[in-house]
Asks: 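Input: one structure, supplied below.
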Amino acid sequence: MPLVDSFLVDHTIMPAPSVRCAKTLTTPHGDRIEVWDLRFVKPNTKMMPEKGIHTLEHFFAGFMREHINKPMEIEVIDISPMGCKTGFYMSLIGKACGDDVAKSMLASMKDICNLSDDTKIPASNKYQCGSCDLHSLKEAKEIASEVIEKGIKVVLNEDIVLDPKKIADLA
């Protein structure tokens, strides 16, 4: 089985918070699709709490679209949490710049921190959410605050490429 792209970078040297264009594809119709790694916490050292990451997902997807989408240039397709609970993947149509992605992520974190503590979580009901009781605005705001405090780096794939020798004996 071939390794997926995210398994070709060394998670032991991956900084966080950070943004990285993980993959670029071209559709048969010539559209450019980019997949971005939006890393919130350093892998294998910390995970975002479930309720916080879920609530963050409900707000983050909307706020990122407000900050990064540009008509006829860039449009977010999807923003989804990583199974490892250390970040999100963002797929978009168009060509984004790492600095703009980082600025949009930072602005989104500020938007989340600026929410009133009694803000209703969008779509957090049994009709629109598969785990409507798994939410915490407090935890989401704590995650966002930590990202703001640390700042967001732009990372290039070549800076964190995995040396195959490191995993040769693990197979």
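All figures in this text were calculated on a predicted structure; none of them were measured in a lab.
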Asks: Does atom CG (N157) have a neighbourhood of more than 12 heavy atoms from anything else shown, all under 6.0 Å?
Replies: yes
Asks: Mark yes or no for whether T55, through its side chain, and S136, through its backbone, hold a donor-acceptor pair below 3.5 Å.
Replies: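 Side chain of T55 to backbone of S136, a donor-acceptor pair under 3.5 Å: yes, one is there.
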Asks: Anything under 30° is parallel, anything over 60° is perpendicular, the rest tilted; go ahead and classify F40 against F88.
Replies: tilted
Asks: Are K138 and D117 close enough, and set up right, to give a salt bridge (charged side-chain N to carboxylate O under 4.0 Å, His left out), and what steps lead you there?
Replies: CA-CA 7 Å; K138 179 181 180 284; D117 289 339; over 6 Å; no
Asks: Could you walk me through whether E50 and K85 pass the salt bridge (charged side-chain N to carboxylate O under 4.0 Å, His left out) check?
Replies: CA-CA 8 Å; E50 285 181 343; K85 301 179 192 173; 3.1 Å; yes
Asks: Write down the atom of I13, the atom of I160, and the distance for their closest heavy-atom approach.
Replies: CD1-CA, 3.7 Å
Asks: Within the side chain of H54, is there an N or O that forms a donor-acceptor pair under 3.5 Å with the backbone of H135?
Replies: no
Asks: For R32 and E34, run salt bridge (charged side-chain N to carboxylate O under 4.0 Å, His left out): C-alpha distance rounded to whole Å, both residues' side-chain angles, the deciding distance at 0.1 Å, then the answer.
Replies: CA-CA 7 Å; R32 178 186 177 99; E34 294 180 344; 2.9 Å; yes
Asks: Are M48 and F63 in one and the same hydrophobic cluster, where Ile, Leu, Val, Met, Phe, Trp and Tyr link if side-chain heavy atoms are under 4.5 Å apart?
Replies: yes
Asks: Answer with yes or no whether the hydrophobic clustering places F59 together with Y89; edges join I, L, V, M, F, W, Y residues whose side-chain heavy atoms lie under 4.5 Å apart.
Replies: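 Looking at the clustering, Y89 is in a separate group from F59.
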Asks: For K46 and E146: C-alpha separation, side-chain torsions, deciding distance, then whether salt bridge (charged side-chain N to carboxylate O under 4.0 Å, His left out) applies.
Replies: CA-CA 12 Å; K46 187 175 180 181; E146 189 173 317; 2.7 Å; yes
Asks: Any link between I79 and M109 through a network of hydrophobic side chains (Ile, Leu, Val, Met, Phe, Trp, Tyr) touching at under 4.5 Å?
Replies: yes
Asks: Tell me if a side-chain donor or acceptor on H58 pairs with a main-chain N or O of P122 at a distance below 3.5 Å.
Replies: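 Yes, H58 side chain to P122 backbone: donor-acceptor pair under 3.5 Å.
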Asks: Please tabulate, one pair per line, all N/O donor-acceptor pairs under 3.5 Å involving side-chain atoms of residues 94-106, not counting sequence neighbours.
Replies:
residue	atom	partner	partner atom	Å
S104	OG	H67	O	3.4
S104	OG	D100	O	2.9

Asks: Test side chain to side chain contact (heavy atoms under 4.5 Å, CB included) on L137 and L115; report intermediate values, then the result.
Replies: CA-CA 9 Å; L137 181 57; L115 293 169; 4.0 Å; yes
Asks: Pair K42, T86 - check side chain to side chain contact (heavy atoms under 4.5 Å, CB included), show working.
Replies: CA-CA 7 Å; K42 186 163 177 51; T86 62; over 6 Å; no
Asks: With D159, which residues qualify under side-chain contact (heavy atoms from CB on, under 4.5 Å), at least two apart?
Replies: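 D159 satisfies side-chain contact (heavy atoms from CB on, under 4.5 Å) with L156 only.
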Asks: Report yes or no: does T27 contribute a side-chain atom to a donor-acceptor pair with the main-chain N or O of D31 at less than 3.5 Å?
Replies: yes
Asks: Going hydrophobic residue to hydrophobic residue with side-chain gaps under 4.5 angstrom, can you get from V35 over to I152?
Replies: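 They do not share one cluster, since no chain of ILVMFWY contacts under 4.5 Å joins V35 to I152.
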